[in-house]
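As the structure is a computational prediction, the values presented were derived from the model and not from experiment.
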Amino acid sequence: MAGTPIEVFTNSYVVVRMPTTTYFHYDGMPFVMEPESGIKRRNYEVMDRLQLEHAEIFTPRAPYDGKKNLFSPKDIPSATYTIALGRKMTVRVLMKKVSVVSPSDVQKLLRRRSPNDTSDSSISLTLLQLIVRQAPNMRHNFPADARSFYTQHNARNLRFGLTALRGYFQSVRPVLGKLLVNVDVSHAASYTPGPLIDTMMMHLDLRNPRQLAELHPQQFGQLRIFLKGVRVRMTLSKMRPRPISDLVHEAGLQEFDRDNERCSVARHFAQKYNCEVRFPRIVGVRVGKTAIFPAEFCEIIPGQLYRKKIPPDAQREFLQFATQKPHERMRDIENSVAGQGQLFDYASSDFMKEAGMEVDTRIMSVRGSVLSPPKIRYAGSDIPLNIRPKAGSWNVVGRRFVQPRTLRFWGVAVFDDRAPEHSVKEFITALIGNMEKAGMNVLNHYPPIMSGSTANPETTLEAVGQRSLIRKLVDQLPPDQKPHPQLIIVILPQNAAECRRCVKFWGDITRTVSTQCVRSPKWSSPSGRDQYCNNVALKINARLGGTNSILDTEAAGFLETSMVVGADVGHPGPGAATRPSVTGLVASVDPFVSKMTSIAAVQRPRQEIIEDLEKMMIEALQGWQEFKLDPKVPRPPPKHVIFYRDGVSEGEFRQVAEREIPLIKSAFVKMNIPPPLMPKLLFIVVGKRHHIRFFPRSPSDGDKSGNCPAGLVVNQHITNPNYDDFYLQSHAGLLGTSRPSHYVILANEPNLNPAQIQMLTFHLCHAYVPATRSVSVPAPVYYADRICGRMEFHCQDGASLSDTASNVTSANEEIDLEWWRQAFRPTRLNKSMYFI
């Protein structure tokens, strides 16, 4: 491993005694409940009752995952068991053994699997997760298979009917030669427990319960989406908590048939519970198909996680709550496992004891190294810019762009009615100054400035675009060049998501004009204006086709003849079953990985394999061909394709390797690349959704934020047993605890050694155009991720596509993918950096 050696802590714990018990597995179709329940909570209730009523068979207790996986340390006879739930419901459980998990099966997880081994090891891992998680989760009233549990301790009210909770994540991770338990602090939003009326009012920002009787249709729909599926307890009876199936207008006045007469809900509650309904005209809830409860008699039970997108106004507070300095996070993790108030208490778990497992309660220490950053080269100086050790950033004051662009036709559209005219002019003057200091040629120092309405931004944008075509500058163009607006600066108010969507659709799709949005208070603050203008200038020059800087790296020779690709799939939010997933691919076309071509498409929701990858790669290779270094000489194909694939979970590695790599190779063939010139593929999966963290052993080993330094790489002790992989923390810390990225190599045709791949990957994290600091993933991966987040900018009716706006759809609704493919319009700005 190259670089400076370093020892760091990581939030993992070694399993020092492996399971010695054999488990009998009951799974799949043979395991049947009648009537069948798709609700885990009911399944747990059934299995808990089953194990209590038949204690002679289920002692010791059998770990169960709430679905159809049950593991017993005893060989339970196949039989049908009948369980009574309450006075009216009987459930039949048919159990049949389907496999046996022995200690030797667990040991297989720790050895590198043969390429010809197609056996499924997931059942062994499922068993281990249940053994480790079951006791702590049950102790904190969370499902046995939940990856995290949360407590009400130190909870924070986010308003909007939401509460931020802190909890703990735990997961068993097989690595080469041993088992680890990965433990991390976790944060989640939950529905605020307590009186339902209070949560309703908080969500809609109301002051009086009677306002719930006067809701606009939009408010009612918003509340309905928010509360559907939330479990409530009826305060007047001992009825078990049940989920809300719908909302009902004027719940107390609704009538139903009772004893051959019509009876209102308010009258029913007065007679049955001797309790007056104080607010009969406000919204109430329907439970099941027919039961209606007034909201004043309902309480939201604690611990229900909010799975949808957190409202924008609550996100900042949630992020503040979830941000922990590295030493605080590590202290909380250590205390949860081995401290006085430990929450996991693995040593006392009956499930762990029965399995024969034991966990070392000392946090793990691993060896790593800190890689040297590249140098950054700007124009006008033979001396490249050094990046300060540990800092992960560099200062561009006095530096000029490598390839600055000329800005002729541009204007300013102001949609912030609080923006004074003189402040806008001062900002534009400062921006021009920064662009020119960086070497850009700004031919119009007095661009047209027009104000407009956020309700109809297109009219103003059209007018600004027309007025930007100054006659004097148009006359200077060559006869064969048609004048076209190059850029419109758009000044937005602080909260203007819909206006921004309209601006981007107009610029990216309708008119093919680059738009640069700026918002208060960043553009209007005199104190940080120079730095902000410099950042905006970085984006503008790149959007116009310029090159800001280039990497001065040992990998430069390799990169000159390589295409670097980033690809990702963005999925719709929970409940949005009729919206597609978005695929994004970004590929470099120049020798410096500074100019990109991009492709975006839609596909079936939540499908991780990129269906159109062959077509997208063909377009990327055509973009490579079109970018000719010498107009007279045809450009040869890239010698190497470095493909970084984002968003793939560990269980999908084999599927991606078997399906996506052949699609890439097929694109090479369909481009008629001769066999001797066929590009060699380096295919790397980039993982960000994991819970591995690193902590410096002493403050002197960290950066100024307390995190491990930028360039930390770890490729032993905690890595995957079946693939070559490494963790790289490529960015310096800002707030909270930095998350390293996990890189898994699925194909390495160029035969680079691990140190070369690690260095190449780290240096590409310094090529992100809008920043003067290293970022968490290689620049093309970051770009692909941004493209996948721009779904609503590609469709005319984009406002209805956000996660917060979409209605919750039922599971049996089908997506009309062809309709979406027609609605999703690609941009003709795809050969410029429109997405930054």
Side-chain angles (χ1 to χ4, degrees), residues 155-164 189-236 241-256 264-270 273 275-287 290-302 304 306-318 454-455 493-498 575 799-800 802-808:
R156 181 181 295 182
N157 183 7
L158 299 177
R159 297 170 295 126
F160 306 101
L162 297 174
T163 298
S190 72
Y191 292 93
T192 300
L196 177 61
I197 280 186
D198 292 353
T199 298
M200 286 176 162
M201 289 194 299
M202 278 191 287
H203 185 67
L204 296 177
D205 194 23
L206 305 179
R207 298 287 179 266
N208 190 311
R210 288 182 171 79
Q211 291 176 277
L212 290 167
E214 304 162 354
L215 299 182
H216 301 301
Q218 183 180 356
Q219 289 176 304
F220 182 84
Q222 179 183 335
L223 194 61
R224 181 173 176 266
I225 293 169
F226 177 70
L227 289 173
K228 192 168 184 178
V230 175
R231 293 168 66 216
V232 292
R233 176 192 299 114
M234 233 272 283
T235 57
L236 301 180
R242 297 177 66 186
I244 295 171
S245 59
D246 207 346
L247 298 189
V248 181
H249 287 288
E250 298 185 329
L253 303 183
Q254 298 297 317
E255 294 185 343
F256 62 98
S264 71
V265 170
R267 181 178 156 204
H268 169 75
F269 272 79
Y273 300 106
C275 196
E276 178 190 1
V277 177
R278 294 174 56 214
F279 306 111
R281 295 186 178 278
I282 72 168
V283 171
V285 299
R286 176 174 284 118
V287 171
T290 58
I292 294 174
F293 295 150
E296 62 197 84
F297 299 138
C298 296
E299 284 185 345
I300 295 176
I301 63 171
Q304 299 184 77
Y306 182 72
R307 307 284 185 185
K308 305 181 185 77
K309 190 174 181 179
I310 298 173
D313 292 339
Q315 283 178 1
R316 179 178 295 182
E317 195 157 355
F318 180 78
T454 56
Q494 199 161 12
N495 297 308
E498 172 57 13
S800 64
S802 67
D803 290 339
T804 52
S806 60
N807 287 322
V808 177

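Looking at heavy atoms from C-beta onward, M200 lies out of side-chain contact with I282 at the 4.5 angstrom threshold. Under the 4.5 Å side-chain criterion, counting only non-hydrogen atoms from C-beta, N495 is not in contact with P312. For the pair T290 and F256, the minimum side-chain heavy-atom distance is 4.5 Å or more. Annotation: side chain of L196 is in contact with side chain of V285 (closest heavy-atom distance under 4.5 Å). Using a 4.5 Å cut-off on side-chain heavy atoms (C-beta onward), M201 and L212 make contact. Side-chain contact between E317 and F160 is absent, with no heavy-atom pair separated by less than 4.5 Å.
For the atom pair CZ of F293 and NE2 of H268, the computed distance is 8.0 Å after rounding to the nearest 0.5 Å. Put simply, SG on C298 and CE on M234 are 7.5 Å apart, with the number rounded to the nearest 0.5 Å. Separation of atoms CD1 (I292) and CG (L253) is listed at 10.5 Å; rounding is to 0.5 Å.
No donor-acceptor distance shorter than 3.5 angstrom exists from the side chain of T192 to the backbone of T199, with no hydrogens or angles considered. Side chain of E296 to main chain of R278: a donor-acceptor pair is present (N/O by atom type, distance under 3.5 Å, no hydrogens or angles). A donor-acceptor distance shorter than 3.5 angstrom exists from the side chain of T235 to the backbone of F297, with no hydrogens or angles considered. In this structure a side-chain-to-backbone donor-acceptor pair under 3.5 Å is missing from E299 to R233.
Summarising the local packing, CZ of R281 is surrounded by 12 or fewer heavy atoms from other residues, nucleotides or ligands at distances under 6.0 Å. Shown here is E255, whose CD atom has more than 12 heavy atoms of other residues, nucleotides or ligands within 6.0 Å.
Nearest heavy-atom pair, P193 versus P302, reported as atom, atom and distance to 0.1 Å: CB-CA, 3.8 Å. Residues F226 and L162 come closest through the heavy atom pair CE1-CD2, 3.7 Å. Shortest non-hydrogen contact noted between D313 and R159 is O-NH2, 3.6 Å. Counting all heavy atoms, side chain and backbone alike, V287 lies closest to P243 at CG1-O, 3.9 Å. L158 approaches A314 most closely through the heavy-atom pair O-CB, 3.9 Å. When every heavy atom of Q219 is checked against every heavy atom of E214, the shortest pair comes out as OE1-O, 4.3 Å.
Ring geometry, F220 versus H249: the interplanar angle falls under 30°, so the pair is classed parallel (tilted spans 30 to 60°).
Evaluation of the side-chain contact (heavy atoms from CB on, under 4.5 Å) rule for Q222 yields H203, L204 as partners, not counting sequence neighbours.
Checked options L247, D246, V283; the residue passing with L227 is L247 (criterion: side chain to side chain contact (heavy atoms under 4.5 Å, CB included)).
Between the side chains of S190 and T163, no donor-acceptor pair of N or O atoms lies under 3.5 Å.
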